[in-house]
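Contents: one structure, followed by commentary.
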Number of protein chains: 2
Amino acid sequence: MTNKLNLNNLTKSEEDYLKAIFQLLIEDDSVKVGNNQLADYLKVSPASTNNMIKKLKTKGYVVSEKYGKLDLTEEGKSIAVRLIRKHRLWETFLCNYLNFTWDEVHDVAEQLEHIKSRKLIDELDRFMDFPKKDPHGEMIPNANGDYSIIPKIMLSSLSEGDVCQLVAVNDGSVHFLKYVSEIGLALSSEIKILEVREFDKSIRIKFDNIIETVTRKFADNVFVKKVV
Amino acid sequence: MTNKLNLNNLTKSEEDYLKAIFQLLIEDDSVKVGNNQLADYLKVSPASTNNMIKKLKTKGYVVSEKYGKLDLTEEGKSIAVRLIRKHRLWETFLCNYLNFTWDEVHDVAEQLEHIKSRKLIDELDRFMDFPKKDPHGEMIPNANGDYSIIPKIMLSSLSEGDVCQLVAVNDGSVHFLKYVSEIGLALSSEIKILEVREFDKSIRIKFDNIIETVTRKFADNVFVKKVV
DNA sequence: TTAATTTGTTAGTCATGGCTAACTTTTTTA
DNA sequence: TAAAAAAGTTAGCCATGACTAACAAATTAA
Ligand SMILES: [Mn+2]
Ligand SMILES: [Mn+2]
Ligand SMILES: [Mn+2]
Ligand SMILES: [Mn+2]
């Protein structure tokens, strides 16, 4: 039982790397995560990621062979999930209590997730009465670190005639989130696929009697639950 | 009007240095702040402070002559006050909404004060309905950066027979704060000085029908308003 | 008013986490 | 299957913010 009560002596950078690897791993669990891919995601050079990966390997959070793909140890995953829990709880707090809109919360949560205090985050959770979803529809891991992977269906994967309900959106881009709100889409909106254009994969959708055409890129960032 | 809307591109370290200088300046406004004193306060070497002071001088936040004492520019003061505002608002939030005790809040606030978001702190202020004092009795600067310097009277400066009311305590030491609570003292407690012992400057005090002897060091960290 | 002490400065070192440029290995494509 | 492309690695550089050791200036005591 080497459950050495994780002193969490990690730097902000180390934390961001672990979270990034975790996000890339769950984003598409069939495809393994590569060094360049991670560099691209974090907007740093491959040399930087290579360097940090070495450190995280000696610390026991990452596993990989030379020239091989990256994976996280249980300890590494556990740290990543705790970061995601903090990130999403803070986003929820900002939206529900401090008048932030859903496109404003991500950058601030990116800072707040690094505050080190177990009590802080558990009390924040209690204060909000243990919310289950963040403002973008993503699940919030509980204090035990349970991360339930709900397979994400992209809007772009549906076909003509399908009806679905919006369950979550990618929270990384302010422009995207503003765009989603502006056209009138919101969590739980029921969306019908009217047409998928072969030429550029753009999709004609209908929701609340609004008809819109969205690009493939847009539809890749909208996650849904199929209804029909 | 070179009011260049302060981009606040400061590192955590730079912020901590500016806040420290400000604290030392207001702690005793007659005595100027020296390099070694700052090093001592921040628990770093004089070489480190010397180095950082150089940077803060070129950035226009600190003024000093070679081998001379330190002072802050208006811009430097303004940054320090905003940090103190953030620190105290977070301490208040932790105490009043997240079940923290007054000895638990300082270390977490020391991290939270560096979160960069104007909206976050102003909304937090509004959410708590613009509190005027933090859990240790210190005033909270408002959004305009007004810092009202209320001269602090140390309990140790009073004489036998004096009666006073506890208005604030030094928030830096967990041990001290726990001690204060444990003997039964709280903000607003009315304290009577029964005796000041010449030998070791220890003081015999009475409050709520409790009689206690406290050391000079203790009394230096308790701030009061004279009643009689 | 000299000498001792304190205070402040400088030089050089280290760890962290970025970078570019050059190289090696692996994978893909022709 | 050989050449080209992509992915991964290494070496060497930089900025930040710590440190120690040595030194200079200012202050205090003798
Ligand atoms: Mn987010
Ligand atoms: Mn982050
Ligand atoms: Mn404090
Ligand atoms: Mn701080």
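Chain naming here is simple, since letters A, B, ... match the order of the sequence lines and numbering starts at 1 in each.
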Side chain to side chain, V105(B) and W90(B), heavy atoms closer than 4.5 Å: no

Please determine if a side-chain N or O atom of N36(B) lies less than 4.0 Å away from the OP1 or OP2 oxygen of dG8(C). yes

Any K66(B) side-chain nitrogen or oxygen under 4.0 Å from OP1 or OP2 of dT10(C): yes

Would you tabulate the nitrogen or oxygen pairs shorter than 3.5 Å linking the protein to nucleotides 22-24 of chain D?
none

Is there a side-chain polar atom (N or O) of K69(A) under 4.0 Å from OP1 or OP2 of dG8(D)? yes

Just how far, in rounded Å, is C1' of dT16(C) from CG of N51(A)? 9 Å

Provide the full list of ring pair (Phe, Tyr, Trp, His ring centres under 6.0 Å) pairs with a residue in residues 34-58 of chain B, sequence neighbours left out, each pair given once. none

Within the pair S13(A) and dG18(C), is there a side-chain N or O less than 4.0 Å away from OP1 or OP2? yes

Interatomic distance where CG belongs to L38(A) and C1' belongs to dG8(D) [whole Å]: 12 Å

Non-neighbouring partners of H114(B) that pass ring-ring contact (aromatic ring centres under 6.0 Å, His included), sequence neighbours left out: none

5′-ward residue of the pair T11(A)/S64(B) relative to DNA chain C: S64(B)

Please tell me whether H136(B) and H106(B) have a donor and an acceptor in their side chains that are separated by less than 3.5 angstrom. no

Which pairs would a plain distance check flag for residues 46-54 of chain B, meaning a side-chain donor or acceptor within less than 3.5 Å of a matching protein atom at least two apart in sequence or in another chain?
| unit_1 | atom_1 | unit_2 | atom_2 | d |
| --- | --- | --- | --- | --- |
| S48(B) | OG | S45(B) | OG | 3.0 |
| T49(B) | OG1 | N35(B) | OD1 | 3.0 |
| T49(B) | OG1 | N35(B) | ND2 | 3.4 |
| T49(B) | OG1 | P46(B) | O | 2.8 |

For I53(B) and dT16(D), give me the distance from atom CD1 to atom C1', rounded to whole Å. 16 Å

OP1 or OP2 of dA18(D) under 4.0 Å from side-chain N/O of K43(B): no

Specify the separation, in whole Å, of atom CG of D40(B) and atom P of dG8(C). 11 Å

Residue set satisfying salt bridge (charged side-chain N to carboxylate O under 4.0 Å, His left out) with K19(B), at least two apart, ordered chain then number -> E110(B), E113(B)

In whole angstroms, the gap separating C1' of dT16(C) from CG of L56(A) amounts to 13 Å

Pairs of donor and acceptor atoms involving the side chains of residues 146-153 of chain B, under 3.5 Å and at least two apart or interchain, shall be tabulated with distances.
| unit_1 | atom_1 | unit_2 | atom_2 | d |
| --- | --- | --- | --- | --- |
| D146(B) | OD2 | N142(B) | ND2 | 3.0 |
| K152(B) | NZ | E138(B) | OE2 | 3.2 |

dT16(D), OP1 or OP2 - any side-chain N/O from Y17(B) closer than 4.0 Å? no

Is S45(A) near enough to dG18(C) that one of its side-chain N or O atoms lies under 4.0 angstrom from OP1 or OP2? no

Which pairs, protein N/O on one side and nucleotides 11-14 of chain D N/O on the other, fall under 3.5 Å?
none

Can you tell me the distance, in whole Å, between the CE atom of M52(A) and the C1' atom of dT9(D)? 17 Å

What is the distance, to the nearest angstrom, from the CD atom on E65(B) to the P atom on dA26(D)? 11 Å

The side chain to side chain donor-acceptor pair (under 3.5 Å) partners of R85(B) (sequence neighbours excluded) come to D122(B), D125(B)

Counting only side-chain N and O atoms of N50(A), is one of them less than 4.0 Å from OP1 or OP2 of dT9(D)? yes

Take the protein atom NZ of K57(B) and the nucleotide atom C1' of dG8(C), then report the distance between them rounded to whole Å. 11 Å

Picking from dC19(D), dT9(D), dT9(C), which would you name as closest to the side chain of S48(B)? dC19(D)

Less than 3.5 Å apart, any donor N or O on the side chain of S78(B) or E75(B) sitting next to an acceptor on the other? no

In chain order, what residues pass the side-chain contact (heavy atoms from CB on, under 4.5 Å) check against D71(B), with sequence neighbours excluded? L25(B), K32(B), V63(B)

Per nearest nucleotide of DNA chain C, the residue lying toward the 5' end, P46(A) or K12(A), is K12(A)

